[in-house]
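Every chain is numbered from 1 and lettered A, B, ... according to where its sequence line falls, protein lines coming before strand lines. Here the structure is a predicted model, which means the values were calculated and not measured.
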Amino acid sequence: MSKKVRVRFAPSPTGGLHLGGVRTVLYNYLFARKYGGDFLVRIEDTDLSRYVQGAEEYIFDTLKWCGLEPDESVQHGGDYGPYRQSERKDSYRQYAEQLVKNGYAYYAFDTPEELEKMRHAPLAIGVKTEQTHTQQYDHTIRMKMRNSLTLSADETHKLLADGTRHVIRIKMPENETVSFTDMIRGEVSFETSLVDDKVLLKADGMPTYHLAVVVDDHLMRITHAFRGEEWLPSAPVHLLLWKYLFGLENMPQWAHFPLILGPAGKLSKRDGAKYGFPVFAMNWNDPKTGELTEGFKEKGFLPEAFLNLLALLGWNDGGEQEIFTKEELIEKFSMERVHSAGAKFDYEKAKWFNHEWIKKTTVDSLRSPVRNLFEQNKITVSDDVILDKVIGLVKDRCTLLPDFIQQSSFFFKAPESIDVDAVKPKWNEAKQLFFAELIRNYELAIEWNAHTLENNLKEIAAANNLKPGELMLPFRIMLVGGKFGPGVFEIAELLGKEETIRRISSAIKMFG
RNA sequence: GGCCCGUUCGUCUAAGGGUUAGGACACCACCCUUUCACGGUGGUGAUACGAGUUCGAAUCUCGUACGGGCUACCA
């Protein structure tokens, strides 16, 4: 009988959530849903100095927009709280002390200055002339530092009793090979002698990520731990901690996701401004710098499209399907099909996903976001029936939500500028007379629909020996202002008699 | 520098020893469309390199090169 699947997303509240973060959430979520498990969010705020006001709320707002709500979290409650590590501070020290007692860790009293000196000191032995790396705090040097390994028991006790600032470091074994099976990469192994003695408990009493992740994953009964590939190098530390503290047999299964790359290496928020595409899920306004980083939401992406494109960045179902609903993703997702190589983010393809989703989304679901967009742009939309027809008419030609403005604002207010140059060179008296007659004809029209309007125009054209082809473009420009938009007679139908005639007559003056 | 992970069209990827190496984005051409799109058809374009194993290698092994990540009392 296997345990109930429990997975977690563990962000630190230091800023906006970027593509990679949301994808990690997505894969966690899909995995949990697929196996009927729990998905929880744990806030990793063990570094007080990096805390950013508003970041935590932003994370939950983002998850909400994406439709990836956790089952347990600071905001959702649950039986394994608190879900904020700063509120769990007291639970970590005992584990660190236990490690010390069992000889797996030690107290270290080195000051920042001493550490700095150690890192950059030339290698003590040997004839190395150039030093291209910094010295790690590891088994080669720990016996030369100020810690409970080099100090006598009495000295150590005295320092501790005096409240001397100290940390607790893991004592990495000197000759062990640590290996584990990653769900994506298979067997991965490390030599412990090459890994440094990472700090587990900081001088301020807070745990580092290394201790906290192991303790909390255990306390929260996590069965599968997923994170980005950047964590792979510290995996041996976590493995050892599991072995020393809770037993390897209780350790969650690991999967390290491939990185999402920008045009130059690991994707950073800087890439967004630099290359002109969003990196964060939603707009993020850094309270410290005042800097605004654009989000996919505000750029005009549908959450369904955002999830879809993220899912396919590193995973595919083996077939040729590329458009998936969240439900389909839950059904088809499998960790074994997650790629091990990093994926470079392609904004063009991202836009294609959104375009596909706009085409696929019903007018009904598009109505509200599009109406909001019009309101933001100070365009009054009074009639939802008209709005629905407009959306249906233009959605195939909208890649991002704001395209609706460009593609359909002329339905609701007269175009601000008319592309006169596209008409003028071929404008003549015959055409002028034709449109004057068209106005008279339309004024008398009883049925106002695209079909009748088109027939009438063609009849008048024929009577005046004009080719409809020469008339269509001027007519379009009169109504729309430029060379774009849906069928011109459908536009006229929606515009209504009065407005159509008004635009024709005012444009005639501009062309003449 | 050390360690770890990776390497199929420009990009995302399929092909779990035998395929003319498939699809999608982007790009180009044509068709449809009296605008712009949508749609349709077709095209350009890839197994990093070198050994080995094998009748046969994109696929397995080793080496090289290249790319990325990590190397904090950050996560």
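Proximity of A:K426 to the phosphate of B:U34: no side-chain N or O atom is located under 4.0 Å from OP1 or OP2. Put simply, A:R119 has a side-chain N or O that comes within less than 4.0 Å of OP1 or OP2 on B:C73. Look at A:K344 and you won't find any side-chain N or O under 4.0 angstrom from OP1 or OP2 of B:G67. Residue A:K198 has no polar side-chain atom (N or O) positioned under 4.0 Å from OP1 or OP2 of B:C73.
Pairing for B:C74 is absent, judged as Watson-Crick or G-U wobble with the two contacts each under 3.5 Å. When both distances must be under 3.5 Å, the Watson-Crick or G-U wobble mate of B:C3 is B:G69. Nucleotide B:A48 is matched to B:U64 when pairs are restricted to Watson-Crick or G-U wobble geometry with both distances under 3.5 angstrom. Nucleotide B:G16 forms a pair with no other nucleotide shown, judged by Watson-Crick or G-U wobble geometry with both contacts under 3.5 Å. Taking a pair to require two hydrogen-bonding distances under 3.5 Å in either a Watson-Crick or a G-U wobble arrangement, B:G10 pairs with B:C25. Under the Watson-Crick or G-U wobble criterion, with both distances below 3.5 Å, B:C38 has no partner in any strand shown.
As rounded to whole Å, 12 Å separates atom C1' of B:G69 from atom CH2 of A:W231. For A:L194 and B:C3, the CG to P distance is 6 Å, given to the nearest whole Å. Here B:C36 presents its C1' atom at 6 Å from CZ of A:R397, a figure rounded to the nearest Å. For the pair A:R227 CZ and B:C74 C1', the computed distance is 14 Å after rounding to whole Å. With rounding to whole Å, A:N316 atom CG is found 13 Å from B:G16 atom C1'. In this structure, CD of A:E191 is placed 11 Å from P of B:C5, rounded to the nearest angstrom. In this structure, the OH atom of A:Y137 is 14 Å from the P atom of B:A72, given to the nearest Å. Rounded to a whole Å, the CD atom of A:E187 is 17 Å from the C1' atom of B:C60.
B:C38 has its base syn relative to the sugar, with a glycosidic angle deviating from 0 by at most 90°.
Note on A:V199: only backbone sugar-phosphate atoms sit closer than 4.0 angstrom, heavy atoms only; bases stay farther off. A:H339 comes within 4.0 angstrom of sugar-phosphate atoms only, judged by non-hydrogen atoms across all strands, and of no base. Counting any heavy atom pair closer than 4.0 Å across all strands shown, A:D45 reaches no nucleic acid atom. Residue contacts shown for A:G314 are limited to sugar-phosphate atoms, with no base heavy atom under 4.0 Å away. When heavy atoms are screened at a 4.0 angstrom cut-off, A:F190 is found touching the sugar-phosphate backbone but no base atom. Within the 4.0 angstrom heavy-atom criterion, base atoms lie near A:L115. Residue A:K467 is out of contact with every strand shown, counting any heavy-atom pair closer than 4.0 Å. Nucleic acid contact class of A:R185 (heavy atoms, under 4.0 Å, all strands): sugar-phosphate only. Across all strands shown, A:R169 has heavy atoms under 4.0 Å from sugar-phosphate atoms exclusively, and none from any base. In this structure, A:T14 reaches neither bases nor backbone, as no heavy-atom distance under 4.0 Å exists between it and the strands shown. Backbone-only contact: A:V188 has heavy atoms under 4.0 Å from sugar-phosphate atoms and none from a base. Contact annotation for A:P486: base contact, defined as any heavy-atom pair under 4.0 Å involving a base atom. Nucleic acid contact class of A:A203 (heavy atoms, under 4.0 Å, all strands): base. Residue A:T46 is in sugar-phosphate contact alone, with no base atom involved, counting any heavy-atom pair closer than 4.0 Å across all strands shown.
Comparing the same atom, C1', in B:U33 and in B:C66 gives a spacing of 48 Å after rounding to whole Å. Comparing the same atom, P, in B:U53 and in B:A72 gives a spacing of 44 Å after rounding to whole Å. Taking atom P in both B:G22 and B:U44, the straight-line distance is 11 Å, to the nearest Å. With both ends at atom P, the span from B:G63 to B:G2 equals 15 Å, rounded to whole Å. Separation of the P atoms belonging to B:C30 and B:A37 is 14 Å when rounded to the nearest angstrom. Taking atom C1' in both B:A58 and B:A14, the straight-line distance is 12 Å, to the nearest Å. Between B:U11 and B:G67, the two P atoms lie 14 Å apart (nearest whole Å). When the P atom is compared between B:A15 and B:C74, the two are found 42 Å apart, to the nearest whole Å.
The base of B:A26 has none of its N or O atoms less than 3.5 Å from a complementary donor or acceptor on the side chain of A:K349.
When distances are taken from the side chain of A:E348 to each of B:C25, B:U13, B:U35, the shortest belongs to B:C25. Side chain of A:V167, nearest nucleotide from B:C73, B:G69, B:A75: B:C73. Closest to the side chain of A:K202, from the set B:U34, B:G39, B:C74, is B:C74. With distances taken from any side-chain atom of A:D396 to the nucleotides B:A75, B:C38, B:G23, the minimum falls on B:C38. Which of B:G69, B:A14, B:C25 sits closest to the side chain of A:R337 comes down to B:A14. Distances were taken from every side-chain heavy atom of A:K483 (C-beta onward) to each of B:A26, B:U35, B:G6; the shortest belongs to B:U35. Of the candidate nucleotides B:A75, B:G39, B:U35, B:G39 has the atom nearest to the side chain of A:K359. Among the nucleotides B:C5, B:A75, B:U35, the one closest to any side-chain atom of A:L232 is B:C5.
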Apply side-chain contact (heavy atoms from CB on, under 4.5 Å) to the pair A:T181 and A:Q253, showing each step before the final yes or no. CA-CA 8 Å; A:T181 303; A:Q253 276 196 265; over 6 Å; no
Yes or no on salt bridge (charged side-chain N to carboxylate O under 4.0 Å, His left out) for A:R93 and A:E97, after CA distance, side-chain angles and deciding distance? CA-CA 6 Å; A:R93 175 144 213 134; A:E97 299 282 1; 3.0 Å; yes
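A 6.0 Å sphere centred on CD of A:Q53 holds no more than 12 heavy atoms belonging to other residues, nucleotides or ligands.
Ion pairing of A:K349 with A:D346 is absent here, as no side-chain N (NZ or NE/NH1/NH2) approaches a carboxylate O to less than 4.0 Å. The pair A:E493-A:K389 does not meet the salt-bridge criterion, since no charged nitrogen lies less than 4.0 angstrom from a carboxylate oxygen. In summary, A:K483 and A:D419 do not engage in a salt bridge, as defined by a charged side-chain N under 4.0 Å from a carboxylate O. Taking the charged nitrogens against the carboxylate oxygens, A:E114 and A:K117 have no contact shorter than 4.0 Å, which rules out a salt bridge.
Centroid-to-centroid, the aromatic rings of A:Y27 and A:W315 stay 6.0 Å apart or farther.
Classification of the A:Y347-A:F345 ring pair by plane angle, with boundaries at 30° and 60°, yields tilted.
The line from NZ of A:K332 to CZ of A:F324 is 5.5 Å long, rounded to the nearest 0.5 Å.
Annotation: of the two residues near RNA chain B, A:D346 and A:E454, the 5′-most nearest-nucleotide partner is A:D346. Two residues, A:E230 and A:H210, neighbour RNA chain B, and the one matched to the more 5' nucleotide by heavy-atom proximity is A:E230.
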